[in-house]
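What you see is a predicted model, and the numbers here were worked out from it, not measured in a lab.
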Amino acid sequence: MDLTPIWLTLKLAGITTLVLLVAGLPLAWWLSGRRSFVKIIVEALITMPLVLPPSVLGFYLLLAFSPSKGLGKWLYQTFDVQFVFSFKGLVIASLIYSLPFMISPVKSALQQLPLSLSQASYTLGKSKWQTFWHVLLPNIKPSLFTAAVLTFAHTLGEFGVVLMIGGNIPGVTRVASIAVYDAVEQLDYTAANNYSLVLFAITFVMVTGVFIYNKYHAKSPLE
């Protein structure tokens, strides 16, 4: 079995999870505060990948980053960067597609923390940023763990978005989900089964790990 699709899949999931841990946590914190019309619109846009067909999102990303028009043309002519049919394009697509899996658990956990926790920190002279990093985040460790694992596991199985923006280029954009599809199309069910078993085993271990961890550290299995 060619392990390159498995390596590309793990690399894509790892980069996506790390970037969203850095960028998604402050966004979740902002969304957890007092609701406004702007926040409702932003949260709706973030949630869209959960209900939107992946091929639709991939199609619009394909148009947006096409080197022959608009943003994609500007990026290509100005910075010589092309996201379509490249690993960089897969990363951007995965960040958008997996964003709600990082945001939702963290935002819900922050909203459940008692307000007195933040007020006590401010009373002791801590800034909002210090309160966020040193007071709020340590109190939602189970949710952070859940969000990171769900984001990683969800990225492993991306197909529609990946196929639209990345295609099926061996060694570049051919991740495990694409390899399964490609093997089935070639009637190579042994290869399809091997890739599927690896993905099944990885996701099963990760999701089981979340439930075991939360059994001892969270109040509810999905916290």
Asker: Just how far is it from atom CG of Leu50 to atom OH of Tyr97, taken to the nearest 0.5 Å?
Answerer: 8.0 Å

Asker: So for atom OH, which belongs to Tyr181, do other residues, nucleotides or ligands contribute more than 12 heavy atoms lying within a distance under 6.0 Å?
Answerer: no

Asker: Under 4.5 Å between any side-chain heavy atoms of Thr17 and Val149, yes or no?
Answerer: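 With C-beta onward as the side chain, the pair stays apart.
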
Asker: Quick check against the 3.5 Å criterion: does Asn194 have a side-chain atom that pairs as donor or acceptor with the backbone of Thr190?
Answerer: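 Answer holds: yes.
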
Asker: For Gly209 and Phe145, which heavy atoms make the closest approach, and how far apart are they?
Answerer: O-CE2, 4.0 Å

Asker: Going by heavy atoms in the side chains, are Tyr122 and Thr131 under 4.5 Å from each other?
Answerer: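 The answer is yes, as the side chains (C-beta and beyond) meet within the 4.5 Å cut-off.
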
Asker: I want to check something: taking the side chain as every heavy atom from C-beta on, are Leu90 and Val175 in contact at a cut-off of under 4.5 Å?
Answerer: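 They are in side-chain contact.
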
Asker: Whether the side chain of Gln186 engages the backbone of Ala183 through a donor-acceptor N/O pair (distance < 3.5 Å, no angle test) should be reported.
Answerer: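 Flag not set: sc Gln186 to bb Ala183 has no pair under 3.5 Å.
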
Asker: Any chance you could measure Phe79, atom CZ, to Leu75, atom CG, to the nearest 0.5 Å?
Answerer: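 Result: 7.0 Å between the selected atoms.
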
Asker: According to the side-chain hydrogen bond (donor to acceptor under 3.5 Å, both in side chains) rule, which pairs have a member within residues 54-74, sequence neighbours left out?
Answerer: Ser66-Ser68, Trp74-Thr78

Asker: Would the distance check show the side chain of Asn139 and the main-chain N or O of Val135 forming a donor-acceptor pair, the cut-off being under 3.5 Å?
Answerer: yes

Asker: Can you name the closest pair of heavy atoms from Pro100 and Pro105 and give their distance?
Answerer: O-CD, 4.0 Å

Asker: Residues two or more places apart in sequence or in another chain: which of them pass ring-ring contact (aromatic ring centres under 6.0 Å, His included) with Phe152?
Answerer: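 Partners of Phe152 under the ring-ring contact (aromatic ring centres under 6.0 Å, His included) test: none.
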
Asker: Which of parallel (below 30°), tilted (30 to 60°) and perpendicular (above 60°) describes Trp129 and Trp133?
Answerer: perpendicular

Asker: Please check: side-chain N/O of Ser98 versus main-chain N/O of Leu95, any donor-acceptor pairing under 3.5 Å?
Answerer: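 No; judged by distance alone, with no hydrogens or angles, the pair does not exist.
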
Asker: Strictly distance-based, threshold 3.5 Å: is any side-chain N or O of Thr155 a donor or acceptor partner for the main-chain N or O of Ala13?
Answerer: no

Asker: When clusters are formed by joining ILVMFWY residues with side-chain heavy atoms under 4.5 Å apart, either directly or through shared neighbours, do Leu18 and Leu150 land in the same one?
Answerer: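 Shared cluster, no.
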
Asker: Taking the side chain as everything from C-beta on, heavy atoms only, tell me whether Thr9 gets closer than 4.5 Å to Ser177.
Answerer: no

Asker: In Å, rounded to the nearest 0.5 Å, how long is the span from CD1 of Ile178 to OG1 of Thr173?
Answerer: 7.5 Å

Asker: What distance separates Tyr76 OH from Leu71 CG, expressed to the nearest 0.5 Å?
Answerer: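 One finds 15.0 Å between OH of Tyr76 and CG of Leu71.
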
Asker: Taking the side chain as C-beta and beyond, is there a heavy-atom pair between Pro54 and Glu158 under 4.5 Å?
Answerer: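 Pro54 does not reach Glu158 side chain to side chain.
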
Asker: Is it the case that one hydrophobic cluster holds both Leu99 and Leu45, taking links as side-chain heavy atoms less than 4.5 Å apart, direct or via other members?
Answerer: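 As far as the 4.5 Å side-chain criterion goes, Leu45 and Leu99 are not connected within one cluster.
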
Asker: Supply the atom-to-atom distance Thr16 OG1 to Met102 CE, rounded to the nearest 0.5 angstrom.
Answerer: 9.5 Å

Asker: Honestly curious: do Phe59 and Phe83 fall in one hydrophobic cluster under the side-chain, below-4.5 Å linking rule?
Answerer: yes

Asker: Could you walk me through whether Leu144 and Leu25 pass side-chain contact (heavy atoms from CB on, under 4.5 Å), step by step?
Answerer: CA-CA 9 Å; Leu144 292 177; Leu25 298 187; 3.6 Å; yes

Asker: Work out which heavy atom in Ala176 is nearest to a heavy atom in Tyr195; give both atom names and the distance.
Answerer: O-CB, 4.4 Å

Asker: Flag the pair Leu156 / Thr203 as yes when at least one side-chain heavy-atom distance between them is below 4.5 Å, and no otherwise.
Answerer: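 Yes, side chains in contact.
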
Asker: Show your working on side-chain contact (heavy atoms from CB on, under 4.5 Å) between Thr208 and Phe211 and close with a plain yes or no.
Answerer: CA-CA 5 Å; Thr208 303; Phe211 279 90; 5.8 Å; no

Asker: From Ile103 CD1 over to Ser32 OG, what is the distance, rounded to the nearest 0.5 angstrom?
Answerer: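 The OG atom of Ser32 is 10.0 Å from CD1 of Ile103, to the nearest 0.5 Å.
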
Asker: If you compare all heavy atoms of Arg174 against all heavy atoms of Asn168, which two are closest, and at what distance to 0.1 Å?
Answerer: CG-OD1, 2.9 Å

Asker: Considering only residues two or more places apart or on different chains, which pairs with a residue in residues 105-125 satisfy salt bridge (Lys or Arg N to Asp or Glu O under 4.0 Å)?
Answerer: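 Checked against salt bridge (Lys or Arg N to Asp or Glu O under 4.0 Å) - neighbours excluded - the pairs reaching residues 105-125 are Glu43-Lys107.
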
Asker: Within 45° of the axis and under 6.0 Å from the centre of the six-membered ring of Phe65, does NZ or CZ of Lys88 qualify?
Answerer: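 No - Lys88 does not lie over the ring of Phe65 by the 6.0 Å and 45° rule.
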
Asker: Heavy-atom distance under 4.5 Å between the side chains of Ile15 and Phe87, does that happen here?
Answerer: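 Counting from C-beta outward, Ile15 and Phe87 do come under 4.5 Å.
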
Asker: On a heavy-atom basis, which atom in Ala109 and which in Ile140 lie closest, and how many Å separate them?
Answerer: CB-CG2, 3.7 Å

Asker: Do you know the tightest heavy-atom contact between Val161 and Ala93?
Answerer: CG1-CB, 3.3 Å

Asker: I'd like to know if the side chain of Lys39 and the backbone of Trp30 have a donor-acceptor N/O pair within less than 3.5 Å.
Answerer: yes

Asker: Treating Ile, Leu, Val, Met, Phe, Trp and Tyr as nodes and any side-chain heavy-atom pair under 4.5 angstrom as an edge, say whether Phe85 and Leu57 lie in one connected cluster.
Answerer: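 The answer is yes; both residues are in one hydrophobic cluster.
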
Asker: Please answer: with hydrophobic residues joined when any side-chain heavy atoms are less than 4.5 Å apart, are Phe101 and Tyr213 in the same cluster?
Answerer: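 Looking at the clustering, Tyr213 is in a separate group from Phe101.
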
Asker: Compare all side-chain heavy atoms of Ile46 with those of Val42 and state whether any distance is below 4.5 angstrom.
Answerer: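 Ile46 reaches Val42 side chain to side chain.
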
